[in-house]
Amino acid sequence: MKFVKGQDVSYTTLSGRSYKATVIERKIDFKKGLIKKSAIKEMTYHYLIEVQKNGLKERLLCTENQLRVSEKKELAQKAA
């Protein structure tokens with residue numbers, strides 16, 4: 001798990017659109033196993049995120065490969 005709770009990330013949908021998001025929970029942090037395998041057997045959810053789109057906030061379950069480090073933070077790290 002390369003993302004941490006509270007981290008700003010970029011969430012990419014299956015259609016390819018990207019949205020700003022924040023990691024709310026990680027699979028390994030759930031005590032009661034709230035994130036389980038999805039209906040699609042090959043896909044396992046790793047994160048609960050809060051996505052900001054069109055002025056609304058929505059919570060989604062997603063896989064690690066749908067997330068990237070937010071570009072703003074990535075540029076700040078390269079400058080340092």
Side-chain angles (χ1 to χ4, degrees):
M1 301 273 154
K2 64 180 181 178
F3 300 104
V4 295
K5 289 167 59 171
Q7 184 174 11
D8 292 327
V9 293
S10 176
Y11 166 69
T12 304
T13 63
L14 295 175
S15 66
R17 293 203 55 181
S18 292
Y19 297 97
K20 290 181 183 179
T22 304
V23 175
I24 303 297
E25 290 286 342
R26 302 180 314 160
K27 180 179 180 177
I28 61 174
D29 294 332
F30 281 139
K31 302 286 187 223
K32 297 180 182 177
L34 297 176
I35 296 180
K36 296 181 180 180
K37 287 189 175 182
S38 70
I40 304 172
K41 292 183 181 179
E42 302 87 39
M43 184 181 286
T44 302
Y45 292 120
H46 296 269
Y47 297 96
L48 172 65
I49 60 168
E50 186 171 78
V51 178
Q52 303 167 12
K53 59 180 179 179
N54 302 327
L56 300 173
K57 292 182 179 182
E58 182 178 355
R59 289 188 173 194
L60 302 171
L61 294 171
C62 67
T63 61
E64 188 169 320
N65 63 352
Q66 291 176 295
L67 300 178
R68 283 180 283 160
V69 176
S70 182
E71 291 178 16
K72 183 174 30 174
K73 288 196 173 209
E74 191 174 295
L75 291 174
Q77 289 175 350
K78 286 182 181 179

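All residue numbers refer to positions in the sequence shown, counting from 1. Any value given below was found using the heavy atoms of this structure, including those in side chains, with hydrogens, waters and symmetry copies removed.
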Quick one: closest heavy-atom pair of Val4 and Arg26, and the distance? CA-CD, 3.9 Å
Go through the structure and list residues passing side-chain hydrogen bond (donor to acceptor under 3.5 Å, both in side chains) with Asn54, not counting sequence neighbours. none
Suppose we screen for side-chain hydrogen bond (donor to acceptor under 3.5 Å, both in side chains). Which residues come up paired with Thr13, at least two apart in sequence or across chains? Ser15
Nearest 0.5 Å, what's the CD-NZ distance between Gln52 and Lys20? 7.0 Å
dist Ser10:OG -> Arg17:CZ (nearest 0.5 Å) comes out at 11.5 Å
Residues passing the side-chain contact (heavy atoms from CB on, under 4.5 Å) test with Leu60, sequence neighbours excluded, are Tyr11, Ile49, Val51, Glu58
Side chains of Leu48 and Arg59, heavy atoms from C-beta outward: is any pair under 4.5 Å? yes
Rounded distance (nearest 0.5 Å) linking atom NZ of Lys2 with atom CZ of Arg68: 10.0 Å
Considering all heavy atoms, the nearest Gln7-Val69 contact: NE2-CG2, 4.1 Å
Which heavy-atom pair separates Phe3 from Val23 by the least distance, and what is that distance? CB-CG2, 4.1 Å
In short, Glu64 meets His46 closest at the heavy-atom pair N-CD2, 3.6 Å
